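Okay, so here's the structure we're looking at.
One-based numbering, in listed order, for ligands and for the atoms of each. In this chain, residues are counted from 1 in sequence order. These numbers come from a predicted model, not from an experiment.
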Amino acid sequence: MEQRDIKSMELAELKEVVAGMGEKPFRGTQMYEWMHKKLCDGFDDMTNISGSFRQKCKEEFYFCHLETVDKLESVLDGTVKYLFELQDGNVIESVLMRYHHGNSVCISSQVGCRMGCRFCASTLGGLARNLTASEMLEQVYQIERLSGERVSNVVVMGTGEPLDNYDNLTRFIRMLTDENGVNISQRNVTVSTCGLVEGIRKLAQEKFSINLALSLHAPNDADRQKLMPIAVKYSLREIMKALDEYYRVTGRRLTFEYSLVAGVNDSPAQAKELAALVKGKNCLINLIPVNEVKEREFKRSAQESIQNFKNILEKNRINVTIRREMGSDINAACGQLRKSYTDRKKEQEVSRT
Ligand code: SAH
């Protein structure tokens, strides 16, 4: 019989499951705290649970754990990139960023991605599989264990399209922000999407107070389609309508991510068009100088074009920031650390045969 994934169970479910095994429901609460508050390493750490029940749990449940296979730390700003191995041998990337206002962790939501954005390294090998709630949670937990520091912000901006893994994502958010667990404030959680319209609408209905970021990258459909295949499926008009609804329901300020690619989306005309597109919205535009990926031909915009683009937005009274680059000396941009690891593995396999 396949073991059930105990760390993906929400508190109410866990209590029920435990009761079904003949224990008092409050054992479920104790176990939940061991896993999600005290971040224990296994059933044997649960000292207020009887030895015989712990034994039963070991047989019944899978206890999610991530193996740390690589770690790169920036000497410039203390940013740390982690490469974690999952139980099935797949590897994922997570990043710890240290800011003045606290520690932020960027997690992956899928192994690979099927969205195909042309400048992104995470999508090169396609989608392998979705991550479970426990695998998303463990990225945060393992970083707290390894760094010995508390994490206050979580951004779902690593590999994968979170709204393409909707049920696991929402379960993850509920558990991450549960007061019986690590209890991270929903206001400190951000989900970034390439713009899956049904997913945005559904997420609005969850009544979370999390932040939503849209990967915009162009001010009109034609330009956006050059960068993002998903832009063929959903028009900006539909996406903006869904975002307006998200804002109406949650009251959370929207973020638009805009990765600047030389000669593709960084002209003054495009800056003006962008200003018109978001005019009147409570939003922030986050300009990101594109990280060059060796498999992709796109080049980063010149410093001057970036500054000019920003100035035009500011003149139009749009909130705009240029994303501070964290860990530029360990520059394994979005998915590149994972990719170089899996490429290396493949080479080793070829040379062995
Ligand atoms: N799939 C989600 C979240 C993961 S990508 C999304 O699309 O939002 C996180 C952000 O990094 C997105 O804005 C994505 O477009 C951007 N990104 C990906 N590769 C990049 C690169 N090489 N340079 C700059 N930004 C990149």
Quick one: are Thr159 and Ile92 in side-chain contact, heavy atoms under 4.5 Å? no
Close N or O approach (Val290, ligand 1; < 3.5 Å): no
Return the orientation label for the Phe43 and Phe61 ring planes: parallel under 30°, perpendicular over 60°, tilted otherwise. tilted
Would you call Val155 and Cys106 a side-chain contact if the rule is heavy atoms closer than 4.5 Å? yes
Options His217, Glu257, Arg118, Met157, ranked by nearest heavy atom to atom 14 (C) of ligand 1, top entry: His217
Would you mind listing which atoms of ligand 1 come within a distance below 4.0 Å of any non-hydrogen atom of Val293? 22 (N)
Where ligand 1 meets Cys120 - atom numbers and elements under 4.0 angstrom, heavy-atom basis: 18 (C), 19 (N)
For the 3.5 Å polar cut-off, considering only N or O atoms, please tell me whether Pro162 and ligand 1 meet it. no
Output every pair passing ring-ring contact (aromatic ring centres under 6.0 Å, His included) with a member in residues 223-259, not counting sequence neighbours, ordered by first then second residue. Tyr258-Phe309
I want to confirm something. Looking only at heavy atoms, which of Ser192, Cys106, Cys194 is nearest to atom 3 (C) of ligand 1? Ser192
Please identify which atoms of ligand 1 are closer than 4.0 Å to at least one heavy atom of Gly160. 1 (N), 2 (C), 3 (C), 4 (C)
Qualifying residues under side chain to side chain donor-acceptor pair (under 3.5 Å), relative to Glu161, sequence neighbours excluded: Thr193
By number and element, which atoms of ligand 1 are closer than 4.0 Å to a non-hydrogen atom of Gly158? 4 (C)
Which heavy-atom pair separates Asp266 from Ser305 by the least distance, and what is that distance? OD2-CB, 3.9 Å
